[in-house]
Amino acid sequence: MGEALAIIYEPSGAAQEYADLALNIYRGCTHRCIYCYNNGRFGKKDDFFKGAKPRHGIVQKVVG
């Protein structure tokens with residue numbers, strides 16, 4: 001996914017039932033939930049799960 005994923009995007013699948021748009025401000029995660037769609041499906045390396053960090057320039061990208 002990386003920075004290529006849009007900051008504001010239209011969710012797909014079951015996520016659409018919650019909102020028409022979503023805001024993705026973080027990169028990474030520390031939870032490793034067993035039901036997570038990212039856990040192994042998208043080839044995420046272990047460093048993805050070592051901490052969540054705000055995306056670089058997030059405020060400028062959203063306000064921009």
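Remember, predicted model here, so these are calculated numbers, not experimental data. Each residue takes its place number in the sequence, starting with 1.
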By side chain to side chain contact (heavy atoms under 4.5 Å, CB included), which residues pair with L23, not counting sequence neighbours?
-> I7, I8, I25, V62
If you take all heavy atoms of P11 and A19, which pair is closest and at what distance?
-> CG-O, 3.6 Å
Output for pair (K53 NZ, I58 CD1), nearest 0.5 Å, gives 15.5 Å
Closest non-hydrogen contact found for P54 with Y26 is N-CD2, 3.6 Å
Exercise: identify the closest heavy-atom pair between R27 and R55 = N-CG, 4.3 Å
Got a sec: does the CD of E10 have more than 12 other heavy atoms crowding it under 6.0 Å?
-> no
